[in-house]
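Throughout, protein chains are lettered first and strands after them, A, B, ... in sequence-line order, and every chain is numbered starting at 1.
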Protein chains: 2
Amino acid sequence: MSFKHDLFSQFARVGKALSNGNRLEILEYLAQTERSVDDLAKVSGLSVANTSQHLQQLRQVGLVTSSKIGLKVYYRIAGDDVVNLLKLLREVSERHLADVNQLVDTYLTVKDELEPVAREVLLERVKQGLVTVIDVRPTEEYMAGHLPGAINIPPDELEQRLKDIDSQQEVVAYCRGPHCVFSFNAVQQLRNAGIQASRLEDGFPEWKSAGLPVELSD
Amino acid sequence: MSFKHDLFSQFARVGKALSNGNRLEILEYLAQTERSVDDLAKVSGLSVANTSQHLQQLRQVGLVTSSKIGLKVYYRIAGDDVVNLLKLLREVSERHLADVNQLVDTYLTVKDELEPVAREVLLERVKQGLVTVIDVRPTEEYMAGHLPGAINIPPDELEQRLKDIDSQQEVVAYCRGPHCVFSFNAVQQLRNAGIQASRLEDGFPEWKSAGLPVELSD
DNA sequence: CTACTATTCAATAGATTAATTGAATAGATA
DNA sequence: TATCTATTCAATTAATCTATTGAATAGTAG
């Protein structure tokens, strides 16, 4: 039964692309916005050659696409289904791998108290002007797309900008994904400042891939 | 940033479990029903020791669970989320890997003509008694769970049982999953016999994990 | 044309993986 | 108790993977 064997081998190629932590990290960066190779090398901390090789592997199985503009080669995620696959991979890991929960519990100690906000609920409250949404990702990622009405406060600017935030209103923070530490820290800081704050359950890529409205900056 | 690194490494462990065709095949068998090690070795064509090692890898990342009953160790899929992950892995592969489409086109030449039936549509028509549903998997898999009202006709029995099928009624066939050849072949045979036949879009595991009703035989 | 930048290519060493083989173990049966 | 069965363990080989290094290539700018 060669067909069955060949077919599973093909599916396994995609699994293999997801079998390395550095590639998964690169995919998370690309889920925020397209980036060039050395841009990705910088944020991931890998060498340029190594980053390039990982990107080529991802491209070979169709998880990312690329195009050359001038000197630079820009890579981007191939589609929303890839974002969904990554989301499900994280969820399955979290549900079935004890080590993941242990890590989350160790590093994100505030997590249990946080009760993340669901996407649909947030959208309604944003429309009614009842909530301030802050995007705690780096500005370049915010610029490439963010939640409607969200204001951008990168992690290192939060402290000095606390005074600009309406302390009477509820604040919801989000960043790259459900395990991105930026939003956990932000919520912690906001609460310490006496502001009612909570975290969005997922990050920007999941919001976007769910087909919810997205705003661009130029 | 050790947390981020460690977390992606954990997710990568699950990816790694999905990075081998034989393991994916084993997971598909387990998605039908729980099975013992040498049972799986037989259906997959792998050696027992090799099968055992693959199963241990799957268990280590929580994709399957096991329990020993008497001499035998029975393995089963850890949850519906694992079935969904496999489904999405297949879909992403099919959408982004040209090789998959080429394989499907080569081996399942009838595919384009088939227009698979959607699950919800089928459920309605089954309730109204408008359609005969046949499960073309091996009997042991059928026994462990099948669509409501489906009759079991394993591939090698179809020819001799063609005369038992009401040729006035529409027939829908399904098997292990969207790429399982049994149902393609069955539809072909049925059509050649002048029966109006089509394929269910997915297989039994996807039906079950979608929360749709399932019937058991004893 | 030359120098520079961003990316890819090619070769390499060390680590990991898959499958095989044969032995070890746990539980059932005679 | 001795034997049989199902599974796991341990050791091995060949193949593959990751990251590093330095060179090659394509495009840009002076």
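Using a 4.0 Å cutoff on non-hydrogen atoms, the parts of residues 7-21 of chain A near DNA chain D are A/Lys16, A/Asn20, ordered by number. DNA chain D lies under 4.0 Å from at least one heavy atom of each of the following residues of residues 47-71 of chain B: B/Val48, B/Ala49, B/Ser52, B/Gln53, B/Gln56, B/Leu71. Listed by residue number, the members of residues 26-35 of chain A with any heavy atom below 4.0 angstrom from DNA chain C form an empty set.
Residues B/Leu147 and B/Tyr174 come closest through the heavy atom pair N-OH, 3.1 Å. Closest approach of A/Ala17 and A/Leu63 over heavy atoms only: CB-CD1, 3.9 Å. Scanning both residues, A/Val214 and A/Gly145, for their nearest heavy atoms gives CG1-CA, 4.1 Å. Listed here is the closest heavy atom pair of A/Arg76 and A/Ser67: NH2-OG, 2.7 Å.
Per the geometry, OH belonging to A/Tyr74 stands 13 Å off P belonging to C/dT8, to the nearest Å. The distance from atom CG of B/Leu46 to atom C1' of C/dA18 is 10 Å, rounded to the nearest whole Å. As rounded to whole Å, 12 Å separates atom C1' of C/dA19 from atom CZ of B/Arg23. Taking atom NZ of residue B/Lys72 and atom P of nucleotide C/dT29, one finds them 12 Å apart after rounding to whole Å.
In this structure, A/Arg35 is not positioned above the aromatic face of A/Tyr75 in the sense of NZ or CZ being under 6.0 Å from the six-membered ring centre and within 45° of the axis. In this structure, B/Arg137 satisfies the cation-pi test against B/Phe204, with its NZ or CZ atom closer than 6.0 Å to the six-membered ring centre and inside 45 degrees of the ring normal.
Checked against A/Glu206 for a salt bridge (charged side-chain N to carboxylate O under 4.0 Å, His left out), the options A/Arg119, A/Arg90, A/Lys87 give a single hit: A/Arg90.
Listed for the A/Tyr142 side chain is a donor-acceptor partner under 3.5 Å among the backbone atoms of A/Ala150. Judged purely by atom type and a 3.5 angstrom limit, A/Thr51 uses its side chain to pair as donor or acceptor with the backbone of A/Ser47. In terms of modelled atom types and a separation under 3.5 Å, the side chain of A/Trp207 and the main chain of A/Pro213 share a donor-acceptor contact.
A sub-4.0 Å separation between OP1 or OP2 of D/dT8 and a side-chain N or O of B/Tyr75 is present.
Aromatic rings from A/Phe11 and B/His179 are positioned such that their centres are separated by under 6.0 Å.
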